[in-house]
Structures are given as C-alpha cells and as structure tokens.
Protein chains: 2
Amino acid sequence: MTAVLVIEDDDRIRLALLLALEEEGYTAYGAGTAEEGLRRQRETPADNVLIDLMLPGIDGFECIRQLRRDDDVPIVVVSARDDTHDIVAALEAGADDYLVKPVAVKELSARLRALRRRGRSTAVPAQVFGDLEISPEAGEVRRAGRPVAVTRTEFRLLCELAEHAGRVLSRQQLLRRVWGYDTGDERLVDVHVGRLRQKIEPDPTKPRHLVTLRGLGYKLQR
Amino acid sequence: MTAVLVIEDDDRIRLALLLALEEEGYTAYGAGTAEEGLRRQRETPADNVLIDLMLPGIDGFECIRQLRRDDDVPIVVVSARDDTHDIVAALEAGADDYLVKPVAVKELSARLRALRRRGRSTAVPAQVFGDLEISPEAGEVRRAGRPVAVTRTEFRLLCELAEHAGRVLSRQQLLRRVWGYDTGDERLVDVHVGRLRQKIEPDPTKPRHLVTLRGLGYKLQR
DNA sequence: GGGCTTTTGTCACACAACTGTCATCCAACC
DNA sequence: GGTTGGATGACAGTTGTGTGACAAAAGCCC
C-alpha cells in the first residue's frame with residue numbers, strides 16, 4: 001500500500017485530491033500548512049508528497065527544501081501557475097515533478113507510479129501523457145499502466161516527440177533526429193507514426209496524443 | 001561546469017552576455033561569426049549554444065542547421081526581432097528555444113538550466129488577442145483556451161495578420177506574403193478570411209478580432 | 001550457415017481534407 | 001436606388017495522409 005501526503009491549504013482541493021487518490025488505491029492523508037506537512041512527514045513518512053506552492057506561512061519552495069533535507073521522498077508539485085520560473089525554482093528546490101492545476105487524476109496517478117518506479121535520483125524522468133508513460137532509460141512504454149511492446153525505431157520516434165511535447169515536429173526534423181537522415185523519403189515517418197498509433201492510441205483512427213498537423217508534421221500532446 | 005558558446009557579432013552584446021553567464025557560474029566563450037562559432041563547436045563542443053540570427057556571412061538559420069547536423073546541443077536563439085516567421089524558421093532549422101532581446105540574464109539562465117535539466121525546450125510565448133491565442137511552435141490556435149483546428153493557409157494568414165496586429169493589410173499585401181503571389185485574384189483572400197472567421201470568431205457575422213476595413217483590407221485587433 | 005521470426009523501408013491506392021474559383025446574395029456607401 | 005465591395009455556399013481539382021501488402025534487412029536460435 002502506497003501512502004501519499006497532500007500538502008495544500010485549500011480544503012476543497014485537498015479533500016478532492018485525497019478522495020481521488022484513495023479511489024486510485026492509495027492511502028492518502030492531508031496537511032493544510034507546510035508546518036503540519038513537515039511534522040506529519042517526520043512522524044509517519046509517506047511514500048510520495050504532493051505539494052502546492054502557494055501556502056500560508058512557510059511557502060512551497062521552502063517546504064520542499066526542508067522535506068528534502070531529511071528525506072528522499074519523491075515530491076510532486078501541484079501548482080495553479082504554469083510559469084517557467086516557478087517550475088525551474090521548484091525543481092531547483094528539489095521537487096521531482098510538476099503538474100499544473102487542474103490535475104487529471106489519471107495523469108497524477110501515472111506520474112506517481114512513474115516516480116516510484118524510477119526512484120527519485122535518475123537523470124531522465126519518465127514522461128507522462130495522460131495515461132501514457134514513456135521512460136527513456138527503462139526503454140519502456142506503458143498505456144494505462146500496462147507495458148506496450150514498441151520496436152526500437154518506434155521508441156526513438158516516441159521519445160523524440162515526447163522530448164518536444166506540445167510542439168510540432170516536421171517530418172524533416174524527425175527524419176534527421178530519429179533516423180539521422182539529412183534527406184530522405186518523408187513518408188517513412190508517416191508509416192512509423194501509423195504503427196506507433198496502433199500501439200499507443202486506444203483508437204488509432206482518432207489519435208488523442210500523437211496528432212497530425214496537416215502540412216506541418218506531428219506532435220505529441222497530453 | 002557548464003560551457004556555453006555565444007555566437008553574436010556585436011562585440012558589446014557578446015561581451016555583456018559572456019560576463020553575465022560567467023557571473024551565473026557558466027564557462028562562456030564567444031564567437032563573432034557563424035564560421036568561427038561552428039569551428040569552435042567542432043573543436044571544443046559546448047553544452048549550450050546561444051546564437052544571434054543576424055550574422056555577417058553565414059546567417060543564424062544556416063548556422064543552426066549546420067550545428068544540428070553534427071550535434072544535439074541545445075540551441076537558444078537570441079534575436080532582436082520578435083517576428084513569428086523568424087521564430088518558426090529558427091525552430092524549424094533546429095533551435096530549441098527563442099528569446100527576444102533585450103535578454104534578462106536571470107531568464108536566460110533559467111531557460112538554459114531548464115533546457116539541460118529537462119532535455120527539452122521551454123515554450124515560445126504565444127501571441128494573445130483577447131481570448132485568442134496563436135502559438136506558432138505548437139502549430140495551434142486557441143479560443144478561450146480551447147484548440148481550434150485551422151488549416152495551414154489559414155494559420156499562415158492568421159500569423160501574418162497577428163504579426164502586424166492593429167494595422168490594415170491590403171489583399172494585395174496578404175496575397176504576396178501568405179501565398180507568395182505577385183498577382184492574383186484578391187477574392188481568394190476574402191474566402192480564407194471568411195473561413196478563418198467561422199473558426200475563430202464567436203459570431204462570424206460580427207467579427208471582433210479579424211475586421212474588414214472596406215476598400216482597404218483586413219486587420220487583426222485585440 | 002540455414003531457417004526462422006521480427007523489424008524496417010518502399011510502394012501504391014484510397015480517402016479525407018484543403019484550396020481556389022465562381023456565382024449569388026447582401027450590406028455599405030454615394 | 002444604383003453602384004461597389006464584401007460575404008458565403010457549392011463544387012471540382014489538388015494535395016496530404018493513413019494503411020495494407022510486400023520485400024529486404026536484421027536478429028535469433030539452433
């Protein structure tokens with residue numbers, strides 16, 4: 001049984017998260033302030049900590065630093081602000097992952113799983129797209145928690161797209177980055193994208209993650 | 001220790017960047033031309049490359065392409081021009097991030113860190129017109145936060161208008177800039193504007209952003 | 001090495017999406 | 001009320017993408 005500590009001052013959000021986590025099979029307990037969170041974590045350490053950045057008193061960044069000081073627990077930041085500065089600062093402080101509110105519970109769950117699996121010290125974090133997890137170092141892809149067998153080329157293609165998640169990559173760019181071709185038949189990319197979709201998309205004809213941008217290329221999105 | 005190569009022809013700016021980077025704890029070295037930059041990167045590869053677009057001789061775009069050819073180093077473009085075309089072209093050429101001068105050193109530093117840390121680039125800010133967002137890098141248009149599917153021509157047309165936001169563009173100008181036609185039927189523009197309105201205007205008959213200036217042309221406003 | 005499976009790249013075809021043209025209708029302006 | 005410029009729906013030609021079939025190449029197991 002995995003225990004998760006949720007540090008979040010907004011009662012409604014905290015309770016919603018706790019409920020959602022319990023539903024997913026975690027043991028979840030909450031703290032309304034950084035102080036309380038730190039105390040609980042000292043007394044009964046959880047396996048994961050979820051933390052909001054904007055907290056009364058000691059703020060999220062400081063709290064992360066203190067948690068890190070005496071523990072190696074994976075810390076996931078949940079923040080309303082999707083700001084490069086905050087993300088960087090939180091990761092600097094020692095957080096392991098960063099989610100922007102509103103949080104999709106499925107995604108949260110997948111990230112927690114990914115975090116625990118890799119332990120918190122690895123260099124390349126697993127990437128999560130909705131119910132899709134990609135861990136470059138493990139060479140593994142999972143959908144809804146189940147491993148999916150992809151070939152090497154497909155995996156590289158997926159990693160490349162994941163690395164630039166949310167951005168269009170032209171067939172040309174993909175050819176260069178995945179295959180190392182400076183020139184070549186762009187249709188090759190189509191074929192592999194098609195094969196990848198068969199494996200990672202619930203309905204390959206209506207891709208949700210690996211989408212086509214007609215005339216531009218492909219993009220991986222959440 | 002992280003090494004950064006700065007390719008920038010203006011001595012004052014280059015030195016300022018080098019100093020600022022050294023201050024932030026990087027090892028920074030500079031190159032005044034693309035040729036010199038390419039040579040240095042071949043001989044002693046840096047961990048990040050910062051590059052200006054306007055360079056004498058080989059220009060920034062070409063330089064990015066050549067850097068990309070034999071290396072996977074994160075490339076950050078630093079340009080005075082905050083022009084959608086440039087941004088798209090730079091990213092196409094293989095750049096990972098784009099900053100507009102004047103550069104805040106803190107931000108630059110954070111982006112470099114983020115780039116290395118997460119192995120991927122941070123987002124290029126989208127252009128915003130009221131509830132309308134245009135993000136060239138994602139190849140995406142959003143209205144009220146929801147993605148709107150636009151075609152490539154529509155997208156280019158929109159980008160062109162956005163780039164000159166608040167100013168009228170004649171059909172002739174649009175034909176030339178979007179289609180590359182030096183001559184042609186101006187009604188073509190009308191049709192595409194109409195289609196675009198169907199997608200981005202809440203009420204296409206009463207356009208709020210993409211307005212007609214009778215006898216003059218079209219303009220995009222906030 | 002020989003025979004097997006798996007993966008990869010090429011091709012062709014089908015289909016869906018997009019583009020540009022045109023005709024018609026409407027609104028603004030004089 | 002007539003004239004001009006703009007909006008729009010329909011249509012056909014074009015382009016771009018998805019996909020199944022197939023053969024070559026790469027692994028793999030005796």
Side-chain angles (χ1 to χ4, degrees), chain A residues 139 141 148-161 168-220, chain B residues 139-141 147-161 168-220:
Chain A
V141 179
V148 176
V150 296
T151 69
R152 195 157 46 115
T153 312
E154 287 160 6
F155 189 69
R156 281 217 297 248
L157 175 59
L158 187 55
C159 285
E160 199 54 48
L161 286 161
V168 207
L169 291 174
S170 69
R171 293 176 171 71
Q172 204 50 247
Q173 288 177 301
L174 290 169
L175 265 185
R176 191 175 50 225
R177 297 181 184 210
V178 176
W179 283 267
Y181 295 175
D182 246 359
T183 171
D185 188 0
E186 302 192 341
R187 307 304 320 268
L188 175 56
V189 180
D190 297 22
V191 175
H192 278 90
V193 165
R195 287 175 181 156
L196 205 41
R197 278 188 183 139
Q198 297 295 331
K199 298 182 178 177
I200 64 170
E201 294 281 2
D203 178 0
T205 55
K206 293 187 191 56
R208 284 171 43 226
H209 298 305
L210 210 178
V211 297
T212 306
L213 288 142
R214 194 173 233 264
L216 296 174
Y218 297 98
K219 150 175 108 163
L220 193 66
Chain B
E140 193 181 62
V141 178
V148 177
V150 298
T151 70
R152 190 160 45 140
T153 312
E154 287 159 8
F155 190 68
R156 283 213 291 245
L157 176 59
L158 187 56
C159 284
E160 198 55 48
L161 286 161
V168 206
L169 289 173
S170 71
R171 293 176 171 71
Q172 208 46 250
Q173 287 177 302
L174 289 168
L175 265 184
R176 205 177 20 243
R177 295 179 188 224
V178 177
W179 283 268
Y181 294 176
D182 250 356
T183 171
D185 189 359
E186 302 192 339
R187 322 280 35 221
L188 175 56
V189 180
D190 298 21
V191 175
H192 278 90
V193 165
R195 286 175 182 156
L196 205 42
R197 279 187 183 141
Q198 296 295 330
K199 298 180 179 179
I200 64 170
E201 295 282 2
D203 178 1
T205 56
K206 295 187 189 54
R208 283 170 44 223
H209 297 305
L210 210 178
V211 297
T212 307
L213 288 133
R214 201 183 165 85
L216 297 173
Y218 298 98
K219 118 180 140 167
L220 193 66

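Per chain, numbering begins at 1; letters A, B, ... match sequence-line order.
- In this structure, B/Leu157 and B/Tyr218 have side chains that are not in contact, with every pair of non-hydrogen atoms separated by 4.5 Å or more.
- Rounded to the nearest 0.5 Å, atoms CG (A/Leu210) and CD1 (A/Ile200) are 5.0 Å apart.
- What separates CG of A/Leu216 from P of D/dT15 is a distance of 18 Å, to the nearest Å.
- At whole-Å resolution of the value, NZ in B/Lys206 and P in C/dA28 are 10 Å apart.
- To the nearest 0.5 Å, the span separating CD on A/Glu186 from CD on A/Gln173 amounts to 10.5 Å.
- When the C1' atom of C/dG20 is taken as reference, atom CG of B/Leu157 falls 14 Å away, rounded to whole Å.
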Report each atom pair, protein N/O against N/O of nucleotides 14-17 of chain C, whose distance is under 3.5 angstrom.
{"unit_1": "C/dA17", "atom_1": "O4'", "unit_2": "A/Arg214", "atom_2": "NH2", "d": "3.4"}

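- One end of the helix from C/dG1-D/dC30 to C/dC30-D/dG1 points its axis 40° away from the other end's axis, with each axis taken from 5 pairs and the angle rounded to 10°.
- Protein atom CG of B/Leu188 is 14 Å distant from nucleotide atom P of D/dG6, rounded to whole Å.
- Taking the side chain as every heavy atom from C-beta outward, A/Leu175 and A/Asp185 never approach each other to under 4.5 Å.
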Sub-3.5 Å pairs of nitrogen or oxygen atoms, protein against nucleotides 7-12 of chain D:
{"unit_1": "D/dA7", "atom_1": "OP1", "unit_2": "B/Arg197", "atom_2": "NH1", "d": "2.8"}
{"unit_1": "D/dA7", "atom_1": "OP1", "unit_2": "B/Thr212", "atom_2": "OG1", "d": "2.6"}
{"unit_1": "D/dA7", "atom_1": "OP2", "unit_2": "B/Tyr218", "atom_2": "OH", "d": "2.7"}

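- Atoms CZ and CD, from B/Phe155 and B/Glu140 in turn, are 8.5 Å apart once rounded to the nearest 0.5 Å.
- For B/Lys219, the side chain to side chain contact (heavy atoms under 4.5 Å, CB included) partners are B/Val211, B/Leu213, B/Gln221, not counting sequence neighbours.
- Under the ring pair (Phe, Tyr, Trp, His ring centres under 6.0 Å) criterion, B/His192 pairs with B/Trp179, sequence neighbours left out.
- If you measure from atom NE2 of B/His192 to atom C1' of C/dC18, you get 8 Å, rounded to the nearest angstrom.
- Listed by first and then second residue, the salt bridge (Lys or Arg N to Asp or Glu O under 4.0 Å) pairs that reach into residues 150-159 of chain A are A/Glu154-A/Lys199, sequence neighbours excluded.
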Output a table of nitrogen or oxygen pairs between the protein and nucleotides 26-28 of chain D separated by less than 3.5 Å.
none

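- B/Arg177 CZ to B/Cys159 SG: the interatomic distance, rounded to the nearest 0.5 Å, is 13.5 Å.
- What separates CG of A/Leu213 from P of D/dT15 is a distance of 21 Å, to the nearest Å.
- Taking B/Gln198 as the reference, nothing meets the side chain to side chain donor-acceptor pair (under 3.5 Å) condition, with sequence neighbours excluded.
- Here the CG atom belonging to B/Leu220 is positioned 9.5 Å from the CG atom belonging to B/Leu169, to the nearest 0.5 angstrom.
- The side chain of B/Trp179 approaches C/dG20 more closely than any other nucleotide in the set C/dT21, C/dT8, C/dG20.
- In this entry the distance linking CD of A/Glu186 with C1' of C/dC11 reads 16 Å, nearest Å.
- For the pair B/Leu196 CG and C/dC18 P, the computed distance is 13 Å after rounding to whole Å.
- By the side chain to side chain donor-acceptor pair (under 3.5 Å) test, B/Thr153 pairs with no residue at all, sequence neighbours left out.
- Residues passing the salt bridge (charged side-chain N to carboxylate O under 4.0 Å, His left out) test with A/Arg187, sequence neighbours excluded: A/Asp190.
- Legend: residues meeting side chain to side chain contact (heavy atoms under 4.5 Å, CB included) with B/Arg208, ordered by chain and number and at least two apart, are B/Glu201, B/Pro202.
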